[in-house]
Amino acid sequence: MATVNSDAGSAALVWARVATDAAGRIELDDLIAALGLSRCDLERELEAECLGGR
């Protein structure tokens, strides 16, 4: 019974997203640039965080 409820909830969520989706998309690189960053900046930050945790 829990699976049926879970499936029904998932289906409702999918339909709500389909109904409200304006189909506007932005490329990841465009978003990064809009935030004033570059992929290189993010890679360096991630590397620094990963190395700092050791």
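Minimum heavy-atom separation, Ile26 to Asp30: CG1-CB, 3.8 Å.
In this structure, Leu42 CG and Leu35 CG are separated by 8.5 Å, a value rounded to the nearest 0.5 Å. Summarising the geometry, atom CG belonging to Leu46 is positioned 9.5 Å from atom CG belonging to Leu51; distances are rounded to the nearest 0.5 Å.
Remark: Leu28 engages Ile32, Arg39 in a side chain to side chain contact (heavy atoms under 4.5 Å, CB included) (not counting sequence neighbours). In this structure, the salt bridge (charged side-chain N to carboxylate O under 4.0 Å, His left out) partners of Arg25, at least two apart in sequence or on a different chain, are Asp21.
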Report task. Evaluate the side chain to side chain donor-acceptor pair (under 3.5 Å) criterion for residues Asp7 and Ser10: first the C-alpha distance (whole Å), next the side-chain angles of each, then the deciding distance (0.1 Å), finally the verdict. Result -> CA-CA 5 Å; Asp7 289 346; Ser10 294; 5.4 Å; no
